[in-house]
Amino acid sequence: MLDRALKGSKTYWTLVIILLGFISAGSLAYLHQFKNGLGVTGMSRDVSWGFYISQFTFLVGVAASAVMLVIPYYLHNYKKFGRIVILGEFLAIASVTMCMTFIFVDMGQPMRILNVILHPTPNSILFWDAMVLNGYLGLNLVIGWATLHAEKKGTPPPAWSKPLIYLSIPWAVSIHTVTAFLYAGLPGRHFWLTAIMAARFLASAFAGGPALLIILALVLRKYTKFDPGREPIQSVAKIVAYAMVANVFFIILELFTAFYSNIPGHMHAFEFLYAHGNLVPLMWASSVLAVLSLILIIPPKFRENESTLILACISIFISLWIDKGFGLVIGGFVPTPFNTITEYWPTLPETIITLGVWALGFLVLTILYKVAISVREELGTAGPPK
Amino acid sequence: MRIDRRKFLQIAGLSGIGLGLSAADGLFKGKALASGAHSLPSSGTRLAFVIDVNKIEGEDGYRRIIEACHKIHNVPNIPNTKHEVKWIWTDSYEHSFPDQPNEFLPEKIKEKPFLLLCNHCDKPPCVRVCPTKATFKNPDGIVVQDPHRCIGCRFCMAACPYGSRSFNWVDPRNYLDMKNINPDFPTRTMGVVEKCTLCPERLARGLEPACAEASNGAIVFGNLADPESEVRKILNTHYTLRRKPEIGTQPSIFYVIGGGENAG
Amino acid sequence: MGIFFSFFMVILLVLIAYFGIAAAGLHTLFGIIIPYAAFVTFCIGFLLKVIKWGRAPVPFHIPTTCGQQMTLPWINYSKLDNPSSTSGVIGRMILEVFCFRSLFRNLKTGLNNGNISYASDKWLWLAGLAFHYSFAVVLIRHLRFFLEPVPALINTIDSLDGFLQVGVPHFLLSGGVLLIAALYLFFRRTSNPQVRYISLPADYFPLFLIAGIALSGIIMRYISKVDIIKVKQLTVSLAELKGNAPEGIGTIFFIHLFLICTLLVYFPFSKLMHMGGIFLSPTRNLPNDSRIKRHINPWNPEVKVHTYEAYENDFREKMKGAGIPVEKE
Amino acid sequence: MYNGSKIIIGLIIFLAIATFPFYSNIGKSAGVPMPDTNTPVINGLDKKECVASAEYMKKEHMKVLDEWRDEVVREGKRDVINVGGRVFEKSLQNGCMQCHSNKSRFCDECHSYAGVKPYCWDCHHFKEGRI
C-alpha cells in the first residue's frame with residue numbers, strides 16, 4: 001500500500017516538497033541548537049519549558065481525539081463514521097509522531113533519551129507518558145494499517161484487531177490524562193495544580209482534534225475524490241460543539257476558583273496571561289475566538305452550514321492552540337517561584353524547529369491520507385456514500 | 001581551614017553514616033503520622049543548614065559565601081540572567097517567601113538579602129518527577145543530581161517550588177576562566193541540570209560544606225536527626241522560617257530571622 | 001536439513017579459529033596468511049565471475065518488466081520502471097541498487113473465501129534495506145582499523161552510529177540492526193513453508209555466517225573485550241602489506257576475523273555475487289527500446305537473403321509465361 | 001566480452017574501493033601508540049602498581065570508570081581503593097590523572113589511534129603538567 005504514496009498528482013508532490021523544505025530548515029535549525037545548546041531558544045532558568053513542550057501538550061490532545069470517532073463507530077456501531085474513522089487514526093499517528101519529536105528536540109541531552117527505558121522510574125509521570133505515547137502510536141499504526149489493508153483486500157478486519165481497537169479507547173484517554181498529570185501534580189505551580197486539569201485537557205482535546213479533522217475532511221473533499229458525506233461531518237461537529245462548551249465551562253470554573261477565593265497565587269498566572277504579560281493579546285484572541293466559535297457552532301443553523309462550520313472549526317483550533325500550545329505552559333512558569341516575572345517568547349531557531357516538526361507531522365499525515373484515499377479510489381469507495 | 005577536632009569527628013561521622021545504606025527507597029519511604037508531620041529518616045541522618053540571617057556580615061559576607069561555593073564547584077558566571085547557573089544566591093524576603101507576604105515587615109528584614117539554595121527537601125518533588133533517577137535522595141538527606149544520568153528534560157525545574165535548579169542552556173566552559181578553575185572538581189556539560197550538591201566530596205574528607213565554612217558561623221550545618229546536634233539546639237531556641245512549608249516538601253534549610261543570639 | 005548443516009558449518013568455523021589460536025597459537029596463519037589469501041580470492045574471484053558473465057551474450061532486450069512501455073505519444077509510459085532511454089535505465093538502476101525497488105513491489109497472495117486477494121508485503125523489503133544499509137555502515141566504520149590517521153568522516157559516522165549513549169563503550173546501532181535483520185531474514189525463510197521449501201544450504205549458510213560475524217563483533221566490543229590497539233596494529237600492518245601479528249589479542253578477534261575471511265572466500269562463488277550481478281541483470285540494465293532499435297543477435301551467422309523482388313527479377317519472364325501475376329511488368 | 005568497456009570500468013571501480021585501505025595509507029603511517037607512564041609521580045614510585053593490571057585496564061578502563069562514577073555519585077561509596085598500601089581515589093580527575101598526568105600521551109594518543117572520542121572530558125578537565 002505504501003507505494004500509493006509514490007504516485008500522485010502535481011499538487012501532492014508540491015505539498016510534499018514544500019513540507020520537506022520546512023523539515024530541512026527545521027533540521028538545520030536543530031543542528032544549530034544541538035551544537036550551541038538550548039540557549040538558542042527563548043527558554044530560561046525561570047521559564048524552563050517553552051514552545052516545544054507546549055506544542056507537545058497540544059498535540060497529545062489532537063492524537064487522543066481519534067477516540068471520538070472510534071467510540072461511535074466501533075462501540076455504538078455508528079456506521080456513518082466508517083469513512084472517516086481511518087482519518088482519525090492516521091491523524092493520531094501523525095500527532096504522536098510530532099509529540100515525540102517535540103520531546104526529542106526539547107532534550108538537553110538527546111543522546112541519553114533511552115535512559116528513560118534503561119532506568120525505568122515508575123514514580124515519574126514523564127516515564128509513563130513515554131510509555132503510553134509509544135503504546136498509542138503502536139496501537140494506531142497497527143489498527144489503522146490493518147483495517148485499511150483488510151478494506152483493500154476486501155476482507156473483514158482481522159479478528160485480533162477488535163480487542164486492540166477496544167484497548168485503544170481507554171488508551172487514548174490515558175495519553176491525555178497522563179500528560180495532564182505532568183502538570184497537575186507539581187506543588188508550588190498554582191496555575192497547574194488543579195484537579196480539573198485532566199478533564200480540561202480532555203475537553204479541549206475532544207474539541208480541538210475533531211475540529212481539525214473536520215477541516216481536514218473538507219480540504220480532502222475539495223482536492224481529492226474523497227468525500228465522507230455530509231452526515232458524519234455534522235455528527236463530528238456536534239461532538240466538537242459539546243466538547244468546546246465543556247472546555248469553556250472548565251476555564252470559567254478555574255477563573256471562579258482563582259478570583260473568588262482571592263488567593264494571590266491562584267490569580268497571578270491569570271493576571272499575567274490576561275493583564276500584563278507579553279501574551280495578553282494572544283490570550284484575549286484565544287478567548288474571543290472561543291466565544292466566537294461557540295456562537296458559530298451551537299446554533300444548528302450555523303453548524304449545518306459548512307462555510308460557517310469551517311470558520312467555527314478554525315476558530316476553535318486556533319483558540320485552543322493558543323490556550324494550550326502557549327498559555328498553559330508559560331502561565332505555569334510565570335510568575336516564577338519568586339513571584340517575579342520572566343517573559344518568554346520563542347526565538348527564530350526555536351520557531352523554525354517548531355515549524356519543522358509540524359511539517360514532519362503533516363508529511364506523515366499527507367502520506368498516510370494519500371495511501372488511504374488512493375486505496376479507496378481504487379476500490380471506488382472514495383466518493384460520497386449512496 | 002579552621003575546624004576543630006570535635007567538629008571534624010562530628011562531620012566525618014555523620015557523612016559516613018547512612019552512605020552504606022541502600023539509596024533505593026527514595027520515594028515513599030517513612031510513613032509520617034500525618035502528611036504534614038515531620039519524619040526522621042531510618043538512617044539516622046538528615047543533613048540540614050540553619051542560616052542565621054543576622055550573622056552574615058553585609059554585602060561582603062554574602063559575596064564571600066557565594067564565591068566560596070561557586071569557585072570550588074566551577075559554577076560559571078553567565079551574565080545573561082536567562083541562562084544563569086547558580087547554586088547559592090541571594091534574594092529579598094518578598095521573593096524568598098512569596099507565600100508569607102507581610103507589608104508591615106521591619107524595614108531591616110524587608111531589605112535583608114536571604115541566601116537561597118537547594119532545600120534538600122525531605123520530600124523532594126524533583127526526585128518524584130525525574131524520569132531517569134538522575135536526581136535522587138541519599139539516605140543522609142542530600143538530594144543528589146547525577147549529571148551523567150540527566151537527559152535534560154527539565155521536569156525537575158518545573159517541579160522545584162524553590163527555583164533552585166539551573167540548566168546549562170549554554171556551554172558553561174565559555175563562561176569559566178578555564179585557567180583558574182578548581183582542578184579537583186569537574187565542570188558540567190551543556191544540556192544537564194545542576195544545583196547545590198551539599199558538598200559530598202568535602203563531607204567525605206571531614207570538611208563542612210563550603211558555604212558553611214565561609215560563613216563565619218552564620219550557616220550552621222548538622223544532622224537534624226541527632227537531638228544533640230548544633231542545628232537542633234538552634235532550632236530549639238530560635239523561631240525559624242522555611243520556604244513554602246505549606247506544600248509539604250519539608251525543606252532542610254532553616255532561616256533564623258529574629259534578633260540573633262538573644263532572640264528566641 | 002540445510003539449516004542444521006549450515007549452522008554447524010559456522011560453528012565448525014568458529015571452532016577451527018578457536019583451536020587454531022587458543023590451542024595451536026597459529027597467529028600468523030589466522031592473522032596474516034588467511035586474511036591475505038581470502039582477500040586475494042575475493043578480488044580475483046569477483047573479477048573472474050563478472051568477466052565470465054560479461055562473456056555471455058545478451059540475448060535480447062527484455063520488455064516484460066513492469067509498467068507501461070513507451071508506445072504512442074498520448075499514452076503515459078512508465079519512465080523509471082520501463083525506460084526506453086539510457087538515462088531512464090540509470091534511474092531504474094539507482095532505484096534498484098539503493099532502494100531495492102523490485103522488493104518493494106513484493107505482494108502476498110492469499111485466499112479469502114475462495115477469492116484470491118493480494119496484499120502488499122513490505123517486510124522483506126524493509127529487512128533487506130536494514131540489513132544492507134547497516135552492513136554498509138559497519139563496513140565503513142571498520143575503516144578506522146585500517147586507516148591511520150582515522151579520517152574525520154569515519155569518526156563522524158562512528159559517533160552518529162553510537163549516538164545513543166547506551167553502555168560503555170557506546171552501543172553502535174548498525175551492529176545491532178545488522179544482527180536483528182539477519183535473524184529476521186532467517187526467520188522468514190523458516191516460517192513461511194513455501195520459502196522454506198525452496199531454501200538451500202546456500203541460503204542459510206551466508207545468513208548464519210553474517211549473523212556470526214555480527215555477533216562475534218558485538219561480543220568483542222561489549223563483553224569479551226580485546227586490546228584494540230593491538231588489533232589496529234595488526235589491521236594497519238595488513239593494509240601496509242607488512243603483516244605482523246602482535247601477540248595477546250583475544251581469541252574472539254580471530255574468530256571474528258576468520259568468519260570474515262570465510263565470507264570473503266565464499267563470496268565470489270555464492271549468491272552473494274548479486275552485489276556485482278545486479279549491474280548485469282538484463283531486466284534491469286537494458287532499455288526497453290526493442291521497437292525503436294533493431295537488435296541483432298551477436299552470434300547470428302551471416303544469412304544470405306534473396307528478396308521477393310530479386311526473385312521476381314530472376315524469373316519474371318518465366319512467371320509471365322506460366323500466367324503467374326507479377327508485381328512489376 | 002560484450003559491453004566490455006562498461007564492465008571493465010565497473011570492475012576498476014570495484015577494485016579501487018576494495019583496495020582503498022592499501023593505497024590510502026601509503027606515506028602516512030604513524031607509529032603504534034604506547035600508553036606512556038613516564039610521569040614524575042609514577043617515576044617516583046618504587047613499586048609501579050595501579051588499581052588493576054595494565055592488561056585489564058587496557059580493555060576495561062571505560063567500564064571501571066563507569067562503575068566508579070555510579071558508586072561515587074549515586075551510591076556514595078567514596079571509599080578509596082587500596083593497592084599494596086597506596087590509596088587511589090575513585091575518580092578520573094582526582095584519581096587516575098594524579099599519577100597519569102600526561103593526558104595527551106596516556107589517553108589521547110590511543111583514543112585517536114582507535115578513533116574513539118570519549119565525552120569524559122566535556123566535564124572532567126585536565127591541564128597538562130598540573131602536577
Side-chain angles (χ1 to χ4, degrees), chain A residues 1-10 13 27 30-31 33-35 100-101 103-105 107-120 130 134 141-142 144-161 367-368 370-372 374-379 381, chain C residues 65-68 76-82 91-92 94-96 98-130 156-173 176-177 222:
Chain A
M1 291 197 295
L2 211 55
D3 42 310
R4 303 301 189 285
L6 296 174
K7 275 186 205 134
S9 62
K10 223 166 213 156
W13 283 110
S27 313
Y30 180 71
L31 282 181
Q33 178 189 296
F34 186 78
K35 194 165 170 283
M100 293 185 179
T101 319
I103 291 192
F104 184 82
V105 299
M107 291 290 130
Q109 289 281 328
M111 309 77 112
R112 302 183 187 160
I113 194 106
L114 282 186
N115 279 4
V116 176
I117 298 159
L118 296 173
H119 307 285
N134 277 300
L141 266 177
V142 169
W145 207 251
T147 47
L148 187 66
H149 211 162
E151 198 178 316
K152 179 175 174 288
K153 284 194 290 182
T155 59
W160 50 260
S161 67
I367 289 171
L368 290 174
K370 174 74 179 50
V371 170
S374 300
V375 166
R376 298 251 171 95
E377 276 174 5
E378 281 160 33
L379 294 171
T381 55
Chain C
T65 52
C66 324
Q68 173 66 46
N76 273 341
Y77 90 104
S78 174
K79 284 197 184 77
L80 280 174
D81 284 333
N82 204 346
R92 175 166 71 183
I94 287 172
L95 279 181
E96 189 62 38
F98 289 102
C99 308
F100 303 2
R101 183 144 170 79
S102 302
L103 282 185
F104 185 74
R105 276 176 221 291
N106 210 14
L107 284 181
K108 196 162 64 186
T109 36
L111 266 185
N112 147 48
N113 295 333
N115 300 321
I116 292 179
S117 64
Y118 300 97
S120 74
D121 186 18
K122 301 267 185 278
W123 292 111
L124 176 63
W125 168 73
L126 208 65
L129 218 55
T156 310
I157 290 172
D158 209 67
S159 53
L160 281 178
D161 200 359
F163 176 78
L164 291 175
Q165 296 177 355
V166 178
V168 275
H170 291 165
F171 186 74
L172 296 171
L173 297 171
V177 173
Y222 308 103

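All values below come from the heavy atoms of this structure, side chains included, with hydrogens, waters and symmetry mates left out. Per chain, numbering begins at 1; letters A, B, ... match sequence-line order.
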Produce the donor-acceptor pair table for chain A versus chain C, cut-off under 3.5 Å.
from    : atom 1 : to      : atom 2 : distance (Å)
M1(A)   : N      : S120(C) : OG     : 2.9
M111(A) : O      : Q165(C) : N      : 2.8
R112(A) : NE     : Q165(C) : OE1    : 3.0
H149(A) : NE2    : S120(C) : N      : 3.3

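Shown here are the side chain to side chain contact (heavy atoms under 4.5 Å, CB included) partners of A130(C), two or more places apart in sequence or in another chain: V177(C), A181(C).
F163(C) CZ: more than 12 foreign heavy atoms inside a 6.0 Å radius. Under a cut-off of 6.0 angstrom, the local environment of CD1 in I116(C) is sparse, with at most 12 non-hydrogen atoms contributed by other residues, nucleotides or ligands.
At a 4.5 Å heavy-atom cutoff, I117(A) makes no contact with chain C through either its backbone or its side chain.
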